[in-house]
Each structure stands twice: as C-alpha cells, then as structure tokens.
Amino acid sequence: MKKIVITGGAGFIGSHVVRTFLNKYPKYQIFNLDALTYAGNLENLRDIESRPNYTFIKGDIVDAEFIDELFQKHQFEAVIHLAAESHVDRSIADPLSFVKTNVIGTMNLLNSFKKLWSGNWENKLFYHISTDEVYGSLGPNGLFTEQTSYDPNSPYSASKASSDHFVRAYGETYGLPFKITNCSNNYGPNQFPEKLIPLFISNIINNNPLPVYGDGKYTRDWLFVEDHAKAIDLVFHEGKNKETYNIGGFNEWQNIELIHLLCKIMDRKLGRTVNESASLITFVKDRPGHDLRYAIDASKINKELGWKPSVTFEEGLEKTIDWYLENDIWLNNVTSGTYQEYYQKQYS
C-alpha cells in the first residue's frame with residue numbers, strides 16, 4: 001500500500017486532490033497534512049473523512065522537528081506538496097509569513113524526505129505544485145512555457161519561485177526524484193472567498209460592492225479545479241522525473257469581462273433584473289506590482305500525457321456558481337468563524 005502525504009489537503013485545491021486520489025486509488029494510504037489556517041477547512045472533506053485509507057494530521061510544515069518525526073513515523077513514499085500561502089494581497093501586507101510557509105516549509109519537507117529515503121529513491125517522489133506567477137507578467141502577446149525564465153513581481157510569487165528552485169536543487173544535488181507543475185488561476189467549489197470568483201459570488205448574493213482593481217483589464221488564464229486535480233493525478237503517475245509541466249485552462253479573460261459574465265449568470269440564477277449585479281461594480285485603487293497578464297502554454301502536458309480541460313470556462317463557472325448557491329451554509333461558516341467550532345467538535 002503506497003503511503004502518500006498531501007500537504008494542504010484541507011485547502012481549496014488540496015481537498016480536490018485528496019478526493020481524486022481516494023476515489024481512484026483505494027489501495028493507497030492518503031495522509032492529509034494541514035495546519036488548518038483560515039483557508040484550510042475540514043468541511044471540504046466531510047464526504048470522505050471516514051474512508052479507511054484516509055488519515056488527517058493537523059500540523060504546520062514550518063515546524064521542522066514535527067515534520068521530521070512525522071516522516072520517520074509514517075514512512076511516506078511520496079509527497080504531493082500543495083500547502084502554501086497563496087493570496088497576493090496578503091503577501092504584500094505580510095511577506096515574511098509567505099517566506100516561512102512557502103520557502104522554509106518546503107525546505108523542511110525536502111529535508112525530511114531526503115533524510116528518510118536518501119540512497120533508496122526507487123518508487124519515491126516529491127511532487128511540488130507551483131504557480132504561473134513565478135514567470136512574472138506577459139505583454140499582450142506570448143505564453144508562459146516550461147522554458148520561460150522566472151521573473152516574480154510579488155512577495156507571493158517570489159516565495160513560490162524560491163521553493164521551485166530548492167526542489168530542483170535537491171534533485172540535482174541529492175538525486176531526490178521530483179516533479180513540478182505550474183498552474184494558472186484555479187476556480188471552482190470550496191474556494192475560500194478571498195479570491196476573485198468566490199468573493200464576487202458572495203458579494204453579489206449579499207448585494208455588496210464588487211471591488212475591481214485599476215481599470216479591470218488585467219488578464220488571467222482560468223483553470224477549473226477538478227481539471228487541475230486530474231492533471232496532478234496524471235503527472236504524478238505518468239509524468240517524467242525531474243520535469244516541469246505547465247497546467248492551464250486555455251481560458252484567457254480580462255477581469256472586467258469575467259466579472260460582467262459572472263454578474264449576468266448570477267442575475268439569471270437569482271431572478272434579478274438585467275445588469276442589477278453589474279451595478280455593484282466599484283473600481284478601486286490598483287494594487288502594487290499588479291501583473292498585467294498571465295497565459296499558460298499547456299501543450300507539453302497535452303502532447304505527453306493527453307491532458308486537456310474537460311469544461312469550457314462558461315461551463316465551469318456555471319458549475320461553480322451553482323455549488324456556492326447550493327452550499328450557502330458552507331459559505332456562511334467560512335466567513336463567520338463557526339468552522340472553528342466544527343473542528344473542535346470533530347477533533348478536540
């Protein structure tokens with residue numbers, strides 16, 4: 001039975017990866033390691049938490065001694081590393097916390113994995129999930145490829161770029177087997193409402209302003225989270241050792257265009273008049289170091305592993321909105337703090 005630890009498994013992307021692996025590989029023993037910060041939520045995994053091959057472990061990857069003891073105890077054969085501070089605005093306000101989690105935390109995992117298996121790397125893997133933001137900003141043309149030079153512009157992207165480099169360095173220096181994927185903006189069910197799509201869904205429901213940075217013409221590529229989880233599964237099992245794969249949704253949208261589409265769908269689903277939600281749009285001061293455009297070239301993972309998105313952006317957005325409308329209790333809990341009561345009750 002293969003023992004896999006998934007860090008950040010109670011978070012947005014991590015919970016979908018945990019569910020994918022549990023459903024598809026019942027003979028794997030899946031350990032979910034999460035510190036349960038504000039974005040980690042065990043309610044994301046209520047449907048699978050009683051599985052016999054699933055174990056939740058509350059802990060912080062910044063605690064080197066704890067991580068080392070954990071690896072020695074459970075003898076993890078593979079790491080899927082998703083735990084990270086990921087919100088750019090928070091990184092601008094508190095960059096040091098991003099260094100601690102994204103850089104030092106990754107180093108602790110690498111060191112413990114190396115200590116456990118050094119000299120016995122057969123069938124072992126350290127899989128590091130990263131972001132397209134490490135590449136910096138694009139102009140109106142071009143795409144990020146796996147050969148694009150790193151040029152991070154925010155404390156968040158700089159911390160992720162650093163962790164990417166350390167993973168590769170451990171591969172070259174110590175022979176540690178690794179794979180890295182850099183993904184575009186994820187969206188879908190269970191995303192904490194600080195990111196654009198769930199935040200605006202929540203604000204529209206509550207008739208709150210929709211704050212748009214600058215002129216709203218910043219462009220992003222959007223990836224449905226369930227498609228991302230499927231790509232991670234493919235890379236984990238079939239990707240080449242010491243390779244990087246870019247994962248994108250082939251969906252470029254200017255923020256303002258996305259917001260108008262979101263408002264249109266929400267008006268229809270909530271029975272509101274045309275443009276009622278769009279009237280909530282409020283342009284606010286731009287954030288520092290705001291990258292103009294991200295766009296992923298995902299042709300490598302498509303050609304080598306046969307992966308491609310299963311839904312268009314419009315289809316994925318409809319599914320996402322439906323999930324939030326149907327799970328208003330979840331949304332209220334994560335924004336009101338009552339989730340902490342749930343955790344104490346379940347794991348006190």
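Worth saying up front: this structure is predicted, and the values here are computed from it rather than measured.
Residue pairs meeting the ring pair (Phe, Tyr, Trp, His ring centres under 6.0 Å) criterion with at least one member in residues 274-312, sequence neighbours excluded: Tyr213-His290, Tyr218-His290.
Nearest heavy atoms, Ala161 versus Val134: N-CG1, 3.5 Å. When all heavy atoms of His228 and Asn186 are compared, the closest pair comes out as ND1-OD1, 2.8 Å. In this structure, Lys242 and Leu176 approach most closely via the heavy-atom pair CE-O, 4.2 Å. Considering every non-hydrogen atom in both Val334 and Pro193, the closest pair reads CG2-CD, 3.8 Å. When all heavy atoms of Tyr245 and Val235 are compared, the pair lying nearest together is CD1-CG1, 4.0 Å. Leu45 and Gly9 get closest at one heavy-atom pair: CD1-O, 3.3 Å.
Applying the side-chain contact (heavy atoms from CB on, under 4.5 Å) test between Asn182 and each of Thr244, Thr148, Thr131, Ile129 identifies Thr244 as the sole match.
Side-chain N/O atoms of Tyr54 and Arg19 include no donor and acceptor closer than 3.5 Å. With 3.5 Å as the limit, one finds no donor-acceptor pair spanning the side chains of Glu77 and Asn123. Looking only at atom types and distance, the side chain of Tyr135 has a donor-acceptor partner in the side chain of Asn246 under 3.5 Å away. Remark: the Asp94 side chain and the Ser97 side chain contain an N/O donor-acceptor pair separated by less than 3.5 Å. For the residue pair Gln191/Tyr324, the side-chain donor-acceptor check at 3.5 Å is not satisfied. For the 3.5 Å distance criterion, the side chains of Asp132 and Ser184 fail to qualify, holding no donor opposite an acceptor. In the model, Asn251 has no side-chain atom that pairs as donor or acceptor with a side-chain atom of Asp221 under 3.5 Å. A side-chain donor from one of Asp68 and Ser112 sits under 3.5 Å from a side-chain acceptor of the other. Counted by atom type alone, Thr106 and His128 present zero donor-acceptor pairs between their side chains at under 3.5 Å. Remark: the Asp233 side chain and the Tyr25 side chain contain an N/O donor-acceptor pair separated by less than 3.5 Å.
Both the sub-6.0 Å distance and the 45° axial angle are not jointly satisfied by Lys3 relative to the ring of Phe76. Phe144 does not carry Arg293 over the face of its six-membered ring by the limits of under 6.0 Å from the centre and within 45° of the normal.
At least one side-chain heavy atom of Leu109 sits under 4.5 Å from a side-chain heavy atom of Phe126. When side chains are defined from C-beta on, Asn255 counts as touching Leu196, because their heavy atoms get closer than 4.5 Å. The side-chain heavy atoms of Lys179 and Leu125, taken from C-beta on, include a pair separated by under 4.5 Å. Leu258 is listed as a side-chain neighbour of Ile197, based on a closest heavy-atom distance under 4.5 Å. Using a 4.5 Å heavy-atom cutoff, the side chains of Arg51 and Asn23 are in contact. Using a 4.5 Å cut-off on side-chain heavy atoms (C-beta onward), Phe113 and Asn108 make no contact. Between Met266 and Phe200, every side-chain heavy-atom pair lies at or beyond the 4.5 Å cut-off. When side chains are defined from C-beta on, Leu261 counts as touching Leu317, because their heavy atoms get closer than 4.5 Å.
Distance alone, capped at 3.5 Å, places no donor-acceptor pair between the Asn32 side chain and the Gly8 backbone. Between the side chain of Asp60 and the backbone N or O of Asp63 there is no donor-acceptor pair closer than 3.5 Å. At least one donor-acceptor pair closer than 3.5 Å links the side chain of Asn206 to the backbone N or O of Ser202. In terms of modelled atom types and a separation under 3.5 Å, the side chain of Asn102 and the main chain of Lys160 share no donor-acceptor contact.
Ion pairing of Asp89 with Arg287 is present here, as a side-chain N (NZ or NE/NH1/NH2) and a carboxylate O approach within less than 4.0 Å. Ion pairing between a basic and an acidic side chain is recognised when a charged N comes within 4.0 Å of a carboxylate O; Glu226 and Lys319 show no such pairing.
When the side chain to side chain donor-acceptor pair (under 3.5 Å) test is applied to Glu243, the partners found at least two apart in sequence or on another chain are Lys300. Considering only residues two or more places apart in sequence or on other chains, Ser157 meets the side chain to side chain contact (heavy atoms under 4.5 Å, CB included) condition with Glu133, Pro152, Ser154. In this structure Trp323 satisfies the side chain to side chain donor-acceptor pair (under 3.5 Å) test with no other residue, sequence neighbours excluded. Annotation: side chain to side chain donor-acceptor pair (under 3.5 Å) contacts of Asp151 (sequence neighbours excluded): none.
By the 6.0 Å contact criterion, CD on Gln75 is enclosed, its count of non-hydrogen atoms from other residues, nucleotides or ligands being greater than 12. Heavy atoms from other residues, nucleotides or ligands lying under 6.0 Å from NZ of Lys195 number more than 12. Atom OH of Tyr150 has more than 12 neighbouring heavy atoms from other residues, nucleotides or ligands inside a 6.0 Å radius.
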Would you check, one step at a time, whether the test ring-ring contact (aromatic ring centres under 6.0 Å, His included) holds for His74 with Phe31? CA-CA 9 Å; His74 294 290; Phe31 295 81; 4.8 Å; yes
Full working for salt bridge (Lys or Arg N to Asp or Glu O under 4.0 Å) between Glu318 and Lys269: CA-CA 10 Å; Glu318 289 264 0; Lys269 291 185 179 293; 3.0 Å; yes
Does the pair Asn190 and Ser15 meet the rule for a side-chain hydrogen bond (donor to acceptor under 3.5 Å, both in side chains), with working shown? CA-CA 8 Å; Asn190 301 107; Ser15 62; 4.7 Å; no
Using the salt bridge (Lys or Arg N to Asp or Glu O under 4.0 Å) rule, take Asp34 and Lys58 through it: C-alpha gap first, then chi angles, then the decisive distance, then the call. CA-CA 5 Å; Asp34 200 295; Lys58 186 177 186 296; over 6 Å; no
Report the C-alpha distance between Phe313 and Phe250 in whole Å, list the side-chain angles of each, state the deciding distance to 0.1 Å, and finish with yes or no for ring-ring contact (aromatic ring centres under 6.0 Å, His included). CA-CA 9 Å; Phe313 181 67; Phe250 302 99; over 10 Å; no
Does Lys308 form a salt bridge (Lys or Arg N to Asp or Glu O under 4.0 Å) with Asp227? I'd like the steps, not just the answer. CA-CA 8 Å; Lys308 62 180 180 180; Asp227 284 333; over 6 Å; no
What's the verdict on ring-ring contact (aromatic ring centres under 6.0 Å, His included) for Phe12 and Phe192, showing C-alpha distance, side-chain angles and the deciding distance? CA-CA 7 Å; Phe12 168 46; Phe192 190 83; over 10 Å; no
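To the nearest 0.5 Å, the span separating CD1 on Ile13 from CD1 on Ile6 amounts to 12.5 Å. Remark: Asn153 CG to Leu292 CG distance equals 11.0 Å, nearest 0.5 Å. Interatomic distance, His16 NE2 to Phe21 CZ, rounded to the nearest 0.5 Å: 14.5 Å. Here Ile80 contributes atom CD1 and Leu33 contributes atom CG; the two are 13.0 Å apart, rounded to the nearest 0.5 Å. Here Thr219 contributes atom OG1 and Leu138 contributes atom CG; the two are 10.0 Å apart, rounded to the nearest 0.5 Å.
Through side-chain heavy atoms spaced under 4.5 Å, either directly or across other Ile, Leu, Val, Met, Phe, Trp or Tyr residues, Phe98 is tied to Val88, Ile92, Tyr156.
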